[in-house]
Amino acid sequence: MTFLAPLRPAPWPPDGFAAEVSSRRIHLSPPHLTGQEAAALQAVLDSGWVAPAGPAIADFEAAIAATTGFRHVLATASGTAALHLAFRVLDIAPGDEVWAPGFTFIASVAPAVQMGAVPRFLDVDPASWTLDPELLRRELRAAARRGRLPRAVVAVDIYGQAADLDAILAACGRWDVPVVSDSAEGLGATIGTRHAGRGARLAALSFNGNKIVTAGGGGALASDDPVLLARARHLAHQAKDPAPHYQHSATGHAYGLSSLLAAVGSVQLAALGRRVAARRAIFDRYRAALSDLPGVAFMPEAPWGLGTRWLTAMLVDAARFGSDREALRLALDAAGIESRPVWKPLPDQPVFRDAPTAGGAVAAALFARGLCLPSGTGMTMEDQDRVIATIRKACRA
Ligand SMILES: Cc1ncc(COP(=O)(O)O)c(C=O)c1O
């Protein structure tokens, strides 16, 4: 696939901009259909192969492999299911530590916690908002001295920006700790010339309805290791041993993706290059139209690759902007515009009250000031202008 260069942002306000607010609600990141999904669904229905097996699944897995470069891909019912399978094939056991950045969605660690693992949350780097490799290096050294290394480290791509995977792999490689890449938000992002997540032992992708492309729900587990992926495939389909009757040497899951959703996913995946360019253009437009406001900043782009800007994330300094992140969110909401605070750090979630941490000030500061703006590629220029005008109006500096 090709990653198109970002478009030049249009000047703001645009010619002929009318200030009246339309009543249509603008959502954060709704699905953007191509128009070809219905025909793909009909073809699967006509074929009769609607179960979580068959040619539509094989085609989707091949398309994901071709897009990302991973050698082996398993389509799953969700990104969370893919993460669960990753932890299962790494044999995470009760009491094992699994480390992850605190600044992420709960699904990055939830399946491991459900398996009895103890999560430990490390802070993120302010330059990328992803796991801080320097902190990871230090914490791994200290853990090795204590004789209690983590059984896995989860690197997470955030808002379309790939984690600093090479540095994370180098830190973990020294102690032979496997890295799982939670690339649910990283589809289409790059590290150098390779796709986000490549190089990790296993990577999880998501085709959830709010993602850059969607299957209407679904995910994938990807790896270059055929043995791990074959084991995951076995577990994803109820761990059936080869026998004419039902025979099981382990308990598995019903984690296969429906062929109907796989067909939708294949159509959507073909549009990924266009969607990346469009998300980046939306980000550039917001930044060009809002950066002159006092106290406004945008998520930085890391130097090691090209992000997708899956969600445009903006920081608001209340003292300079004149109102805080929550006041801005409410102003947008009143204007019929959905926005959402950036990830609340996992150590601050009631469920992880007692979880051990390393640092956390960066994630806490991001949560205090960060807001995700509508970023769906189906948004019109007028939609974007409405968001921009509402934010400018909310600035009371
Ligand atoms: C960082 C992260 N990890 C995991 C997931 C889980 O993916 P899914 O919703 O497909 O289960 C998501 C998104 O939903 C996510 O944003």
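Predicted model, so just to flag it, every value in this text is computed and none were measured. One-based numbering along the sequence shown. Whatever order the structure lists ligands and atoms in, that order sets their numbers, starting from 1. Below, each value reflects all heavy atoms present in this structure, side chains not excepted, and no hydrogens, waters or symmetry copies.
- Taking a 6.0 Å sphere around CH2 of Trp304, one finds it holds more than 12 heavy atoms contributed by other residues, nucleotides or ligands.
- Side-chain atoms of Asp383 and Thr380 include a donor-acceptor pair closer than 3.5 Å.
- Centroid-to-centroid, the aromatic rings of Phe298 and Tyr286 stay 6.0 Å apart or farther.
- Side chain to side chain, Arg88 and His253 meet the donor-acceptor criterion of an N or O pair below 3.5 Å.
- Interface atoms of ligand 1 facing Ala184, defined by a heavy-atom separation under 4.0 Å, are 2 (C), 3 (N), 4 (C), 5 (C), 12 (C), 15 (C).
- Short contacts between ligand 1 and Ala107, defined as distances under 4.0 Å to a heavy atom of the residue, involve ligand atoms 4 (C), 5 (C), 6 (C).
- Glu97 pairs in a salt bridge (Lys or Arg N to Asp or Glu O under 4.0 Å) with only one of the listed residues (Arg146, Arg151, Arg148), which is Arg148.
- Between Trp310 and ligand 1, a contact under 3.5 Å exists for no N or O pair.
- Distances from atom 11 (O) of ligand 1 to the heavy atoms of Thr214, Thr80, Asn208 show the closest one on Thr80.
- Distances between N or O atoms of Ser206 and those of ligand 1 include at least one value under 3.5 Å.
- Of the protein's heavy atoms, Asp182 OD2, 2.6 Å lies nearest to atom 3 (N) of ligand 1.
- The shortest heavy-atom distance from Gly217 to ligand 1 is not under 4.0 Å.
- Residue Ser78 touches ligand 1 through backbone and side chain together, judged by heavy-atom distances below 4.0 Å.
- Every atom of ligand 1 with a heavy atom of Gly218 under 4.0 Å away is listed here by number and element: 10 (O).
- Geometrically, ligand 1 and Thr104 share no nitrogen or oxygen pair separated by less than 3.5 Å.
- The closest side-chain donor-acceptor pair between Gln42 and Asp46 falls under 3.5 angstrom.
- Defined by atom type and a distance below 3.5 Å, a donor-acceptor pair is missing between the side-chain atoms of Asp59 and Ser266.
- Annotation: atom 16 (O) of ligand 1 to nearest protein heavy atom, Glu185 OE2, 2.6 Å.
- Looking at Phe105 next to ligand 1, no N or O pair under 3.5 Å apart turns up.
- Arg231 pairs with exactly one of Leu90, Leu85, Val89 by the side chain to side chain contact (heavy atoms under 4.5 Å, CB included) rule, that one being Val89.
- Considering backbone and side-chain atoms together, Lys211 places an N or O closer than 3.5 Å to an N or O of ligand 1.
- Ring centroid separation for the pair Phe207 and Phe60 comes in under the 6.0 Å cut-off.
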